Amino acid sequence: MAYRLEMRNMTKRYGDFTANDNVSFTLRAGEVHAIVGENGAGKTTLMRMLYGMEQPTSGEIVLNGRPVVFRGPDDAIKHGIGMVHQHFMLFADFSVAENIVIGYEPQRAGLFRRKEAVEAVRALSERYRIPIDVTARVSQCSVGEQQRVEILKVLYQGADIIVLDEPTAVLTPLEVKELLQTIRHLAESGKSVILITHKLKEVMEVADRITVLRGGRVTGTVSRQETSVDELARLMVGRELQPLSERVSLAGGPLLQVENLTVRDRQTIVDGVAFTVHHGEIVGIAGVSGNGQSELLQAITGLRPITAGRVLLGGKDVTNRPVAAIREAGVAHIPEDRYLWGTAKQESVEENALMGYQRKRAFSRRGVILRDAFRCVVEQWVERFAIKTGSRHLQEQAGNLSGGNLQKLIVARELGQKTPLLIAAEPTRGVDIGAMEHIHQALIEKRNSGDGILLVSSELSEILALSDRILVMYKGRIVGELKRSEATEEKISVLMAGGSIHGSGQKAV
Amino acid sequence: AGCAAGGGAPEDKGQAGGQDGGAKKRVALVLPEKIGVNPFFQQMDEGAKKAAQEFGVDVKTIESTDHAAIEENIRAAVAENYDLIITSSFESEDALKKVAAENPDRMFAIIDTVVDLPNVRSVVFREHEAAYLMGAAAGLATKTNKVGIVAAMDIPLLKKWTVGFQEGLKATNPKAEVFVNYVGSFNDPAKAKELALLQANKGADFIYGAAAVGDLGVFEAAKEKGFYTSGQDVDRTGIDPEHIVLSQLKGTDTAAYETVKAFVNGSLKPGVQTYGLKEDGVGVTYVTRESKTPLHPFIGEEIVNKVKAIKDEIVAGTRKVPDPLQQ
Amino acid sequence: MEAVKKLCKSLVQPLLAVAIGLLTGAVVISAVGESILDTYQQMWKGAFGSFYFFASTLARSTPIMLIGLGLSLAFRAGVFNLGAEGQMVLGAIGATLVGLYLPGPGLVKMLAALATGVAVGGLWSLLAGYMEAKFRVQLLITTLLLNYIAVLFAGYLVSEPFQDKSGSAALAQTAMLEKSVWLPKLFAGMSVHAGFLLALAAALALFWVVRFTPFGYEVKMLGHNPFFARYGGIDKDRVMLVAMFASGGLAGLAGTVEVLGAHYRFVDGALTVPGYAWTGLMATLLANSHPIGVVFTSILLAALQTGAMGVERNTEVPLELASVIQAVLILFISAKFSHDWWKNRKSKRRESHGVV
Amino acid sequence: MELFDGALVSSTIRMVTPILLAALGGALCARVGIFNVGLEGLVLVGAFSAIVGNHFTGSLPLAVLFAAAVTVLFSLLFAYMTIGLKANEIIVGVAINFLALGLTTFALRAVFGVKGAFYDKDMAGLPQWQIPLVTDIPVLGDILSGHSPLVYAAFLAAVLLHLFFAHTVTGFRVLAAGMNPVAARSLGLKVTRLQVLAIALCGVLCGMAGAQLSLGQVTMFTEGMTAGRGFIALVAMMLGQSHPLGILASSLLFGLMDALSIRLQGFSLPTQFTAMLPYVLTIAAMFFLKDRGAAASTASQQSAR
Ligand SMILES: Nc1ncnc2c1ncn2[C@@H]1O[C@H](COP(=O)(O)OP(=O)(O)OP(=O)(O)O)[C@@H](O)[C@H]1O
Ligand SMILES: Nc1ncnc2c1ncn2[C@@H]1O[C@H](COP(=O)(O)OP(=O)(O)OP(=O)(O)O)[C@@H](O)[C@H]1O
Ligand SMILES: [Mg+2]
Ligand SMILES: [Mg+2]
């Protein structure tokens, strides 16, 4: 059977660094082909070359039997290739319909026919069963909705090959389910889908074939029927995954006490939330994103004003204190959006690592930052978390790191603060399974040493694997609390959707 | 070629013509601003150039880009051995005081202000006397008893014009109402025109332009609205005889010309020379000088005669027109 | 070795730019039938031709440098302060009045005047910063508007209550400061004064702060990503206000040293007409907000001006043309073409070309 | 004495026109992410070339066209430097201002052989259109009628520009290119071409602004006759948050304040204080307009680095 797409011997070099090394890849019509691999393996780079955003150093792209060269994305789009980027390429102030039709607007005499656009998009959304409010502003859409906008845009442009780069990393379980359904549906209707993801369960659920990349090379292409999660993991990481270390039982005293916390900004976002995190405990917060988790964390860490209620840290009131004071009192914070809150993309790895340490006693003398001493510490982090920093090492621009490696840098930085409390929001978003294992291990170790962790994750498996106690948030309130022993994915899902469960402990702390 | 003779200033200047085996004498005219739109400097430049031709000397005009450049340029002119350095205006006062004091063996001149040093010749004008005559004429001519002044900026210097004019106006027509508006800039004819239009709209039938380039805007407004107006520095009545009925005159060209001439003759002496009505250094068309343009009936022979009488009183000293800046 | 290579690489760009600027200027000069060589010779002479002219260039670079240094700090913090002119003028008038009317020995007066210049300029700048921090009124606009207000207010002060009534009294200016308050000239008979040393000291101090101190780090990170800065515990408003105060203070100092070292009195318009504020802005942008870079770019820009004066004095090339040449040179020096051209060639060899 | 009358309002409308036109041009640039401080220079070039066009063609429409064309050339220089050569847009803007001042003064000498000002009493300025019927309405007739075609064109331009952004495909894409150039490029939109188009249109508007100044308000060219209007336009643009109708409002506000300050000159307040009035009140107005329109400032802040 002829392939719809063949990429032959693709190589891409950045300076002395080889991101893709002789990679070959094929795609059939109506196929879902997953690409997996550890962070920095070169998945995104391969797709950027397919989409015309990067020119290959060498190699050939053959489309429907004919070799093609894409000088830019418009070339690729014209040849029926569409890409949904990890970082959405959307215009925040435009409506959903406008975002979808842009570049191919329905028009008459140069005038933009917005009504026709709305109709066309509506029809498209019905045809592919991707529901969306076409007149809403994109800035007001949830991440899941924005993802749908991106997919619809690609479809509107008439793509036969759709590339999805880590589409599920930011979605809630329900949204993931819907997306996987959409992907299957697209494949059935004759489209080919390339799916990049770190979640092997999803791969096993939806992919026909799987290509594994490691260190810029293909380590194998397998069909789903012939493989398993474990085999994929081995191919990716090159070793067996370790089980998480034992949890030590610690009966620590209260560390973080949140009392009746309310955040209001035009409307109530967080509504009378109360809970406690003890020493030696990981408390997980589950919930569909947009139910106030982000705002809750921002309120605790001082990034957002608290309307009512109190936050106590080790018995000390830190309500509405400046961020610096709260950090000083013993809080570190892995932010959920690593590009918005967690990095300065144009700055070097070293400068990004320094954030929060610049006024620390250990790294400054007489008002001067001790760069050399600090650099040694960063080197240790890079080694411990296997952060691939690129050719310029610590002086590499943070923005040039692959998404997962940047995440690891942030995790290392915040763990390095050695604070009694760590607030971890989506700590493993976008990292590969090897690194995820590593980060989970580090979190457990921190807990075992007697520190407390407040964990927010849209990944239920992560919550279940790490938490001693699980709180579920819904519409700004805590609607349920589950002990580790009694928690199941089903129970949490019900609570997350606004339902209630009976019979189990549902008391407020 | 340098001043080999280290002697005193007077000797230098006396024998300057003989230096360097008959080479031409070199005169630098250092202006404190760009000549640009300023007729004051334009005329000075012309006067100096005219003298240069007639008396066979080299005159180099150096325009300064800004305040800080003035001293720079004067110093450079000294360094480049110009035989006479003419400067101008209040803006150059500080700079000249410094440089002239440091170079007592050089001769300097300054036009339009006084620098009291033994090697500086100062030439000043009493513009307020001419402005007074203009005001007097306006007071006599106005039918609506309303006149306007469109001035460039509200700065002390311009008081010589605005205050002088108002004094004259009061002298001949105490009941006349006067509108004063400032453009806020020396080079904004568009705004000057609008201000003139507004004054005309309020009933002014004579508007005195003292807005530098803005005067051109006032002229246009006069043409459009049919009121009467006046020019500055040179006889401008020719531009639009129907509406520009007077001009206030100022002989900066004469001052520059005379200075160069005196220098060539060897008669240039330190000290102050003032040009007023008496010396015929300032004046008003028809009153102190004839004009190619026939007299407009709005002013008329009778008024000209009355103003001539006032002029005579000022010249004779019986009518005092104090310098507004010295009050 | 690495450092030398880096230096060479960073020099290629400006040098090529200057070369192309000069070439374009040559076209303009020959278009009016003047001698290219002579004109450029006079330009060079006017700027660097002798120690005297070099000193004049340094004198002219002094206010540009101080303003540029101040702005570099604000820009690093991501604050676009367009109000240097007003800050300079108010600082200067404040310092002048203190120098004139404060009783006490000369040195005390001089120091007090310098301090006042910094404080007044800084506070005026802080006003815009405060309005942004507290009321979210856009600083970019307010600083621009506050210029007009400051310049008009200073104009009022010197044409009414504090006008010099001695002498011809025709200019809007204060009385002259007494000699003991003057900043000393560095060389007798040359215009460069102690203010230049102050500017150099400020550059070094700023370099040290930016490079080595936590505050410098915080300013930089705030400029790159304010969200990240806040997340990391940096007090955004505080850093912004400090940066604004410092940048306004240095602008105020620029005006002050110009008064104490060159004019010896505040003259209405003497600080605004030369356009020091815009030139200082350009110096910063050309130097990419690097304090030591600002030293060089401000001397370069000053040299272009003094060079143009030399052209005006000694050639028949009209003054306007000198300013055209100056503008053309600045245009091309700011261009990044050589760099891009270089980079493109390199990447083309490797057949890779990023689209985004 | 009444503070406002028909003549003052009518004068305000005329005075505001060049500012409005230039501010609209600046807004076009701001919309594609370029902060154009060179408006002053562009308007000056427009004013000069309008006079040159009028002098040599003797036709007013041709003169305005000529002004627009020359200013477009100048704005393309700006575009080439900022987009093509990636020079800092603020530096280029400032340099353009210097260049315009130098070149026009020099060309004044070269073309007309005069220094400072070119004034020809036989040169006809733009006609003053008496709008039938409207002219006869008392008070309002004086205010609305009798302006040069460019005055009406300016107000029309604000509305047209609004329609351009709101209803045309190109306008939509221009907005997109400014809002998120990376995304626009990833869609294959020709971002650079759109930016150049916007800057060229800015040139047209600034050319018209200049023509209104030198042929509409007065009929002459004088060195530096823009007298800071380009910077006021910049403020009006920012205050109007780069929205055409917002700019219309902010320009009018500014004009009104200016008119008020002229009126207050009659009273015994020092003129420096009356002249401050527009700026003080504009700052006061900003307290009510905060929050929105951060776009302009972000655009310029980007360029600071
Ligand atoms: N523009 C660039 N310049 C230099 N190095 C780059 C550039 N883009 C990518 N790289 C490097 O190429 C390698 C591959 O990056 P790529 O983004 O393709 O990885 P990935 O497989 O998508 O990783 P992740 O799973 O973290 O997204 C990384 O090590 C990255 O640092
Ligand atoms: N303008 C750029 N210059 C250099 N490198 C870039 C640029 N834009 C992106 N990159 C690099 O290209 C690679 C792919 O970018 P992309 O935005 O798809 O991120 P990603 O690695 O997929 O991130 P994530 O892990 O969050 O999915 C990354 O390594 C990124 O750092
Ligand atoms: Mg990737
Ligand atoms: Mg990634």
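Each chain gets a letter, A, B and so on, in the order its sequence line appears, and its residues count up from 1. For clarity, every value in this text was computed on a predicted model and none was experimentally measured.
His85(A) has its ring centre less than 6.0 Å from the ring centre of Tyr51(A).
For Arg113(A), no part lies under 4.5 angstrom from a heavy atom of chain D. Contacts of Leu187(D) with chain A are made by both backbone and side-chain atoms, with heavy-atom separations under 4.5 Å. Neither the backbone nor the side chain of Ala76(A) comes within contact range of chain D, judged by heavy atoms closer than 4.5 Å. Both the backbone and the side chain of Ala184(D) come within contact range of chain A, with heavy atoms under 4.5 Å apart. Contact of Ile77(A) with chain D is made through the side chain alone, with heavy-atom distances under 4.5 Å. Residue Leu175(D) touches chain A through both its backbone and its side chain, counting heavy-atom pairs closer than 4.5 Å.
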Full working for salt bridge (charged side-chain N to carboxylate O under 4.0 Å, His left out) between Glu40(D) and Arg229(D): CA-CA 6 Å; Glu40(D) 175 89 1; Arg229(D) 284 176 176 84; over 6 Å; no
Step-by-step salt bridge (charged side-chain N to carboxylate O under 4.0 Å, His left out) determination, Lys43(A) to Glu166(A): CA-CA 10 Å; Lys43(A) 308 177 292 292; Glu166(A) 291 188 48; 5.2 Å; no
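Panel note: side chain Ser242(D), backbone Met238(D); no donor-acceptor pair is recorded below 3.5 Å. A side-chain donor-acceptor contact under 3.5 Å links Asn99(A) to the backbone of Ser95(A). Of the possible polar contacts, none joining the Asn180(D) side chain to the Phe91(A) backbone as a donor-acceptor pair under 3.5 Å is found. Listed for the Glu89(D) side chain is no donor-acceptor partner under 3.5 Å among the backbone atoms of Ile34(D).
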Name each donor-acceptor pair under 3.5 Å that joins a side chain in residues 154-162 of chain A to protein atoms two or more places apart or in another chain, with its distance.
from	atom 1	to	atom 2	distance (Å)
Tyr156(A)	OH	Tyr104(A)	O	2.9

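Side-chain atoms of Gln346(A) and Gln397(A) include no donor-acceptor pair closer than 3.5 Å.
Identified by a heavy-atom distance below 4.5 Å to chain D, the contributing residues of residues 145-153 of chain A are Lys153(A), in residue-number order.
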